[in-house]
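Since the structure is predicted, the reported quantities are computational estimates derived from the model, not experimental observations.
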Amino acid sequence: MKRLRGSLGILCIFLGLSFSGCDWMGPGNTPSEIVPGVTDQTLLIGSSMALGGHASYLGKQTLHGALSFINKINAEGGILGRKIKLIAYDDGYDPQVCVANTQRLIVHDKVFALFCYVGTPTTVKTLPILEQAKIPLVGVFSGANALREPLNRYILNIRASYYQETKNAVKHLVEDLGLKKVAVFYQYDAYGFDGLKGTELALKAFGLTPVARGTYIRGTLNVEDGLSKIMNSGAEAVVMIGTYEPCAKFVRQAKSQGYQPIFYNVSFVGADELARRLGDEGEGVIVSQVVPSPEPPQNQALLKGVEDYAELHKKFFPEDRPNVIGLEGYINARVLVEGLTRAGKDLDREKFIDALETIRNFSVGIDQEINFSPQDHQGLKAVYFSRIQRLRFVPLSDWREIGRVRGGRP
């Protein structure tokens, strides 16, 4: 109980205010009794994410990226005269705390919508609450299939799924590199199970199954047993479904023992933080992403949306380095604003969802457009790959190059 109370400290963010409690309620700002979270001047949005603890990098960067665009919109006068106020609670990547935060946002704070949740085990626990409250949740930093199938009217995903990430990765490992011995290292919870299943389905298409499965418990760094199982299997590649700290430890310990398969991580790992923690030992590690890199090679022109994000991020959060997680939060915010704008001045939650479902071929300045419909609540489908080379991520377009670098013997 002490932990729960301690993690419910409110973070009130408005026009770039710092992460500290503040009294945002006052005369003229009381949410409408008819439409929660809506006044003539404001739109109140709520979020629960890891802003402290072992996954805090993921939550903070998602939030910073989203606020980069929200702050810009507010500075320009808001949406049809209303400025967005975002309440973000820290859940520490703990499902029970996320549930409590969500209940508080809906019942006590009376937010209009939920936005930018982070993580599979946390978000999936809120599904019954969303259904009961009939409140939209836009933009989740998770590729979990449980948030996509069956289609849920109240969840609008923007990123590609873990199934899509692992399917693309396995295809490259098997077809381009000729590998047949693939293992899976995963977090033992809903997130890890989803990535494991996606990998198993992808391998099954080639008549293969994982040669080993290794796990660790969320919030721990106990990777030794999982590493031992995978090393003993002789796996030529390891699909990793985890967060940056345990995955970094797994790679470091594997390499220290002379075991150097191809290490591939799904997007939730937090690529930049993974690379920072690995240092020189990160050479060759592969990560998939669901948005293009904000730092492409010097000979590649920046995409307009990526460039806009980088400029806004540096303006509002100069202490940060632009990164793929922040870019994803920025894109989430652009979709949120577009939906609110289309819903019009006289909006409610159902009109907001209807408005989001009208989005077709919507450009956010990257090399793919966002599309929703009443039958499809996932806006983006593409998957990008990058590889650590000399302490930085470099886009990976030709997987066969990996085989050549490794002497043709993965």
Side-chain angles (χ1 to χ4, degrees), residues 10-20 22-47 62-88 105 109-116 135-139 156 158 304-318 320 322 326-360 362-366 370 372 379:
I10 185 172
L11 297 170
C12 181
I13 303 100
F14 180 38
L15 284 174
L17 289 176
S18 62
F19 294 147
S20 60
C22 56
D23 182 13
W24 50 267
M25 280 297 196
N29 278 338
T30 303
S32 166
E33 294 179 4
I34 299 174
V35 182
V38 178
T39 73
D40 290 339
Q41 295 82 33
T42 60
L43 287 163
L44 190 60
I45 308 296
S47 183
T62 300
L63 183 60
H64 288 183
L67 283 173
S68 295
F69 189 70
I70 290 173
N71 289 346
K72 171 183 180 291
I73 294 298
N74 283 344
E76 294 173 350
I79 303 168
L80 302 176
R82 296 185 177 111
K83 294 185 178 181
I84 297 174
K85 289 186 178 181
L86 176 61
I87 299 175
L105 286 165
D109 301 314
K110 300 187 186 306
V111 298
F112 172 72
L114 302 172
F115 172 65
C116 262
I135 185 170
L137 169 57
V138 179
L156 279 296
I158 297 168
K304 184 64 170 64
V306 176
E307 190 173 16
D308 290 346
Y309 152 70
E311 290 178 359
L312 288 173
H313 200 116
K314 289 176 181 177
K315 175 181 179 180
F316 291 109
F317 300 98
D320 287 348
L327 176 57
E328 190 171 336
Y330 166 86
I331 291 172
N332 288 351
R334 290 198 60 168
V335 173
L336 173 75
V337 168
E338 180 68 15
L340 290 169
T341 302
R342 292 187 183 210
K345 187 74 172 178
D346 184 25
L347 83 166
D348 60 32
R349 288 169 175 170
E350 298 299 327
K351 288 180 181 177
F352 175 49
I353 296 172
D354 291 342
L356 286 164
E357 290 178 339
T358 69
I359 292 176
R360 305 280 193 282
F362 175 55
S363 174
V364 291
I366 62 174
I370 292 175
F372 289 111

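To the nearest 0.5 angstrom, Leu336 atom CG is 9.0 Å from Thr341 atom OG1. In this structure, Leu312 CG and Glu307 CD are separated by 11.0 Å, a value rounded to the nearest 0.5 Å. Atom NZ in Lys345 sits 10.5 Å away from atom CD1 in Ile79 (nearest 0.5 Å). With values rounded to the nearest 0.5 angstrom, Leu80 atom CG is found 11.0 Å from Asp346 atom CG. Between the CD1 atom in Ile331 and the CZ atom in Phe362 there is a gap of 10.0 Å [rounded to 0.5 Å].
The backbone N or O of Val111 lies less than 3.5 Å from no partner atom in the side chain of Asp109, so there is not a single donor-acceptor pair. When atom types are taken as modelled, the side chain of Thr39 and the backbone of Gln41 share a donor-acceptor pair closer than 3.5 angstrom.
Residues satisfying the salt bridge (charged side-chain N to carboxylate O under 4.0 Å, His left out) test with Lys314, not counting sequence neighbours, are none. By the salt bridge (charged side-chain N to carboxylate O under 4.0 Å, His left out) test, Asp320 is found to be paired with no residue, residues two or more places apart in sequence or in another chain being considered. In this structure Phe115 satisfies the ring-ring contact (aromatic ring centres under 6.0 Å, His included) test with no other residue, sequence neighbours excluded.
A salt bridge links Glu76 to Lys72: at least one charged side-chain nitrogen sits closer than 4.0 Å to a carboxylate oxygen.
Between Tyr330 and Tyr309, the ring planes lie tilted relative to each other; the angle falls in the 30° to 60° range.
The side-chain heavy atoms of Ile45 and Ile70, taken from C-beta on, include no pair separated by under 4.5 Å. With contacts defined as side-chain heavy-atom distances shorter than 4.5 Å, the pair Val364/Glu338 does not qualify. Within the 4.5 Å cutoff, side-chain heavy atoms of Leu347 are placed close to those of Arg82. Counting heavy atoms from C-beta on, the side chains of Val138 and Asn332 never come closer than 4.5 Å. Side-chain atoms of Leu137 and Leu156, non-hydrogen and from C-beta on, never get closer than 4.5 Å to each other. When side chains are defined from C-beta on, Ile84 counts as touching Val337, because their heavy atoms get closer than 4.5 Å.
Contact between Thr62 and Cys116 at its shortest, heavy atoms only, is CG2-SG, 3.8 Å. Contact record, Ala355 with Gly339: CB-O, 3.6 Å, taken as the closest heavy-atom pair. Taking both residues in full, the closest heavy atoms of Glu350 and Asp348 are given as N-OD1, 3.1 Å, listed atom of the first, atom of the second, then distance. In this structure, Arg349 and Ile135 approach most closely via the heavy-atom pair NH2-CD1, 3.6 Å. Taking both residues in full, the closest heavy atoms of Arg360 and Arg342 are given as N-NH1, 4.5 Å, listed atom of the first, atom of the second, then distance. Ser47 and Leu86 get closest at one heavy-atom pair: CB-CD1, 4.2 Å.
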